[in-house]
Visitor: 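Pasting in a structure now, in structure tokens, and then I'll have a few things to ask.
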Amino acid sequence: MIIDGKQNKLRKLLEGVLTSLGWSYIFFFSVQLIASLMLWYFNIKLFHSELFTDENIQGTIRVFTINVILALINFIIMYTWGMYNAKKFGRLHRRKFLNDVTNAEVANYFQIPESQVEHFQKSEWIELEETIV
């Protein structure tokens with residue numbers, strides 16, 4: 001079953017753009033994080049000599065401060081996005097499940113007697129001489 005309600009096209013476009021921007025933000029943040037960790041891992045001597053010398057310590061502190069601020073901004077954006085989704089979609093019960101399949105429907109589908117379906121359900125081991133599908 002396809003759920004496709006009639007929505008305002010402008011609203012649908014806006015939600016699509018915002019969702020795309022959110023996923024792009026997550027993707028590029030993840031790529032930057034992975035690339036930084038890999039570069040630091042392979043250049044650990046260069047990392048230490050460039051960041052922790054006396055003349056570069058102020059720059060190092062500034063970079064770490066900027067990263068902490070960016071991490072907080074990232075957290076606020078992600079938390080706000082999650083709360084929006086929870087508020088907008090969290091309480092909706094839109095899924096409509098089909099009724100359970102009865103033994104008569106199974107028997108009709110496979111074109112076998114209903115008693116045989118019940119026998120198959122109760123049996124622990126079933127050997128078929130030919131396939132019923």
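Residue indices begin at 1 and follow the sequence shown.
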Visitor: Mind checking the CD1-CZ spacing from I77 to F29? Nearest 0.5 Å is all I need.
Guide: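 The distance works out to 10.5 Å.
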
Visitor: Quick one: salt bridge (Lys or Arg N to Asp or Glu O under 4.0 Å) pairs with a partner in residues 15-31, sequence neighbours left out?
Guide: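 For residues 15-31, and leaving out neighbouring residues, the salt bridge (Lys or Arg N to Asp or Glu O under 4.0 Å) pairs sorted by first residue read R11-E15.
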
Visitor: Please list all pairs passing the salt bridge (Lys or Arg N to Asp or Glu O under 4.0 Å) test where one or both residues lie in residues 67-87, with sequence neighbours left out.
Guide: none

Visitor: Calculate, to the nearest 0.5 Å, the distance between atoms CZ and CD belonging to F110 and Q116 respectively.
Guide: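 Spacing of CZ (F110) from CD (Q116) equals 11.0 Å.
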
Visitor: Can you find a side-chain donor-acceptor pair between N103 and Q121 that sits under 3.5 Å?
Guide: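 Judged by distance alone, the side chains do pair up.
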
Visitor: Check the pair L21, V17 against side chain to side chain contact (heavy atoms under 4.5 Å, CB included), reporting the backbone distance first and the verdict last.
Guide: CA-CA 6 Å; L21 287 173; V17 167; 4.1 Å; yes

Visitor: Apply side chain to side chain contact (heavy atoms under 4.5 Å, CB included) to residues V101 and Y109 and explain how you reach the verdict.
Guide: CA-CA 11 Å; V101 178; Y109 180 81; over 6 Å; no

Visitor: Considering all heavy atoms of both residues, which atom of W81 and which atom of W23 are nearest to each other, and what is their separation?
Guide: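 Taking every non-hydrogen atom into account, CH2-N, 4.1 Å.
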
Visitor: If you take all heavy atoms of I112 and F120, which pair is closest and at what distance?
Guide: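 Result for this residue pair: CD1-CE1, 4.1 Å.
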
Visitor: Can you tell me how far CG of L14 sits from CG of L18, rounded to the nearest 0.5 angstrom?
Guide: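 These two atoms lie 4.5 Å from each other.
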
Visitor: Mind checking whether V117 and I126 sit in one hydrophobic cluster, side chains of I, L, V, M, F, W, Y counted as touching below 4.5 Å?
Guide: yes

Visitor: Test side chain to side chain contact (heavy atoms under 4.5 Å, CB included) on M78 and I26; report intermediate values, then the result.
Guide: CA-CA 9 Å; M78 298 301 288; I26 291 171; 3.5 Å; yes

Visitor: Hey, could you give me the CG/CD distance between N108 and E114, rounded to the nearest 0.5 Å?
Guide: 10.0 Å

Visitor: Report yes or no: does T102 contribute a side-chain atom to a donor-acceptor pair with the main-chain N or O of E105 at less than 3.5 Å?
Guide: yes

Visitor: Atom CZ in F75, atom OG1 in T80: separation rounded to 0.5 Å?
Guide: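 That separation rounds to 8.5 Å.
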
Visitor: Using a cut-off of 6.0 Å, state whether more than 12 heavy atoms not belonging to F89 lie near its atom CZ.
Guide: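 More than 12 heavy atoms, drawn from other residues, nucleotides or ligands, come within 6.0 Å of this atom.
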
